[in-house]
Protein chains: 2
Amino acid sequence: MTTTTMAAPKGLPLTVLSACCQPASAPSAPRADESAQTLAALFKALADPARVTIMAMLLNAEEVCACDISEGIGKSAATASHHLKILKDSGLVASEKRGTWVYYRAVPERVAAIADALASPQRTPRPKSRKERSES
Amino acid sequence: MTTTTMAAPKGLPLTVLSACCQPASAPSAPRADESAQTLAALFKALADPARVTIMAMLLNAEEVCACDISEGIGKSAATASHHLKILKDSGLVASEKRGTWVYYRAVPERVAAIADALASPQRTPRPKSRKERSES
DNA sequence: GCGGGGTTTCGACGTTCATCGAAGCATAAC
DNA sequence: GTTATGCTTCGATGAACGTCGAAACCCCGC
């Protein structure tokens, strides 16, 4: 169930894909911008090979110990912790501390949310370009 | 020509989601890393609100004039061109010059490729963590 | 040819990012 | 309490990024 897609038909950043370039009820309220920023933040969280590798590990295995992640990406423990914090802050992974070890798990709903935002072009009739506007 | 995705059923970076943490036939050849880098590069191309907005415009309308994109993201023409170049280099958009104007179009296959990479967890039995290895 | 407008490239600036070593925290075993 | 181990935070450094103005490029109409 992909988070989303339940109360609101497509209630997440996806809206940016259709809410762009609209009347904008409130004059100075950048609404679509907000969604774009939210979505861009999610992409930024994945915009590093180390973090992609981490997500791959977490999506393949149900749970991964932090110690394995460090050697899985071939970087120092400090760097691994840094990347994990970024993924955690973006909600893409969750962590649980059991004794000395910390286990990380992917949050599939969040991952699916990104995939959903990328799907379904849903073309609109056609905005009419500036060129056309100036030609008429 | 979209480069990619056509002959192979899922012939793209998705492999990173299953190719990670494997025997690695060649000792010092980071193979999964390559896929991770490819995928991360795609995410990085989308890791900016301006570029997300551009993709939204291009996915909604079939074709958008460059001049509209500049004002669509509220940045200078130079900045818009910079972002468009990044998207073009990553294969997410294509451009066509007709007379004085340049029209940009999204490359749906490439966008879908990212969505595909995010889908299908395909769990493997379980890698066995370092903790377990050290405990046995 | 010349002038003008759309687009891209160049150069520069300030900001953000990835990375590591070292130090700090927390938990478990003794 | 002390020691050892796993993880995170801190501080610093070099690289990459986003942004813009100015210059260059390209195509059209005259």
Side-chain angles (χ1 to χ4, degrees), chain A residues 33 36-37 39-55 57-58 63-90 93-105 129-135, chain B residues 33 36-37 39-55 57-58 63-90 93-105 129-135:
Chain A
D33 286 7
Q37 281 179 6
L39 196 43
L42 281 176
F43 284 128
K44 190 180 294 184
L46 291 172
D48 186 283
R51 294 198 286 273
V52 170
T53 302
I54 291 175
M55 288 308 294
M57 294 175 70
L58 264 44
E63 220 175 26
V64 176
C65 170
C67 57
D68 288 331
I69 290 175
S70 169
E71 68 181 35
I73 63 174
K75 300 283 164 64
S76 74
T79 301
S81 184
H82 165 70
H83 287 306
L84 284 167
K85 177 172 167 46
I86 291 176
L87 289 173
K88 197 173 167 187
D89 288 348
S90 68
V93 311
S95 67
E96 185 189 354
K97 187 166 193 173
R98 287 206 294 271
T100 310
W101 286 276
V102 178
Y103 294 90
Y104 282 87
R105 180 181 18 267
S129 72
R130 184 157 74 99
K131 175 195 166 200
E132 288 171 338
R133 284 201 305 273
S134 66
E135 273 172 351
Chain B
D33 286 7
Q37 281 179 5
L39 196 44
L42 282 176
F43 284 126
K44 190 181 295 184
L46 292 172
D48 186 282
R51 294 198 287 273
V52 170
T53 303
I54 291 175
M55 287 308 295
M57 295 175 70
L58 264 44
E63 218 175 27
V64 177
C65 170
C67 58
D68 288 331
I69 291 175
S70 169
E71 68 181 34
I73 64 175
K75 301 283 165 63
S76 74
T79 301
S81 184
H82 166 70
H83 288 306
L84 284 168
K85 177 172 167 47
I86 291 176
L87 289 173
K88 197 173 167 187
D89 287 349
S90 69
V93 311
S95 66
E96 184 188 354
K97 188 167 192 172
R98 287 207 292 273
T100 309
W101 286 274
V102 178
Y103 295 90
Y104 281 87
R105 182 186 10 267
S129 71
R130 184 160 74 102
K131 175 196 166 201
E132 288 171 338
R133 283 201 307 272
S134 67
E135 273 172 350

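Proteins get letters first, then strands, A, B, ... in listed order; numbering begins at 1 in each. The model shown is predicted, which means the values in this text are computed figures rather than measured ones.
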Checklist line | For A/Val93, the option from A/Arg105, A/His83, A/Met55 that meets side-chain contact (heavy atoms from CB on, under 4.5 Å) | finding: A/Met55
Notebook entry, point to check: A/Tyr104 side chain N/O closer than 4.0 Å to the phosphate oxygens (OP1, OP2) of D/dT8?
Noted result: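 Yes.
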Next item on the list: Heavy atoms under 4.0 Å is the rule here; annotate nucleotides 25-30 of chain D 5' to 3' with B where the base is hit, S where only the sugar-phosphate is, and - elsewhere.
Entry: -SSS--
Could you list the residues that satisfy side chain to side chain contact (heavy atoms under 4.5 Å, CB included) with [X], not counting sequence neighbours?
X	value
A/Lys44	B/Ala47
A/Leu84	A/Ile54, A/Ile69, A/Tyr104
B/Ser90	B/Leu42, B/Ala45, B/Leu92
B/Ala41	none

Next item on the list: Pick base, sugar-phosphate or nothing for A/Ala77, based on heavy-atom distances below 4.0 Å to the nucleic acid.
Entry: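 Base contact.
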Next item on the list: Identify which nucleotide among C/dT9, C/dT7, D/dC7 has an atom closest to any side-chain atom of B/Lys85, counting heavy atoms from C-beta outward.
Entry: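 Nucleotide nearest to B/Lys85's side chain: C/dT9.
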Check: Would you find a donor on one side and an acceptor on the other, under 3.5 Å apart, between the side chain of B/Ser81 and the backbone of B/Ala77?
Finding: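 Flag not set: sc B/Ser81 to bb B/Ala77 has no pair under 3.5 Å.
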Please identify each residue that fulfils side chain to side chain donor-acceptor pair (under 3.5 Å) with [X], with sequence neighbours left out.
X	value
B/Lys88	B/Ser95
B/His82	none
A/Thr100	none

In this structure, how many angstroms lie between the [atom2] atom of [N] and the [atom1] atom of [X], rounded?
X	N	atom1	atom2	result
B/Ile69	C/dG6	CD1	P	15 Å
B/Trp101	C/dG5	CH2	C1'	8 Å
A/Leu46	C/dC17	CG	P	14 Å
A/Glu96	D/dC7	CD	C1'	15 Å

Do any N or O atoms of the protein come closer than 3.5 Å to N or O atoms of nucleotides 18-23 of chain C, and which pairs are they?
| residue | atom | partner | partner atom | Å |
| --- | --- | --- | --- | --- |
| C/dA18 | OP1 | A/Arg51 | NH1 | 3.2 |
| C/dA18 | OP1 | A/Arg51 | NH2 | 2.8 |
| C/dT19 | OP1 | A/Lys75 | NZ | 2.7 |
| C/dT19 | OP2 | A/His83 | NE2 | 2.4 |
| C/dC20 | OP2 | A/Ser76 | N | 3.2 |
| C/dC20 | OP2 | A/Ser76 | OG | 3.3 |
| C/dC20 | OP2 | A/Thr79 | OG1 | 2.7 |

Margin query: How long is the straight-line distance from CG of A/Asp48 back to NZ of A/Lys75, given to the nearest 0.5 Å?
Written below: 6.5 Å
Next item on the list: Enter the inter-axis angle for the ends of the helix from C/dG1-D/dC30 to C/dC30-D/dG1 (five pairs per end, rounded to 10°).
Entry: 20°
Item checked: Any residue meeting salt bridge (Lys or Arg N to Asp or Glu O under 4.0 Å) with B/Lys85, in chain and number order, not counting sequence neighbours -> B/Asp89
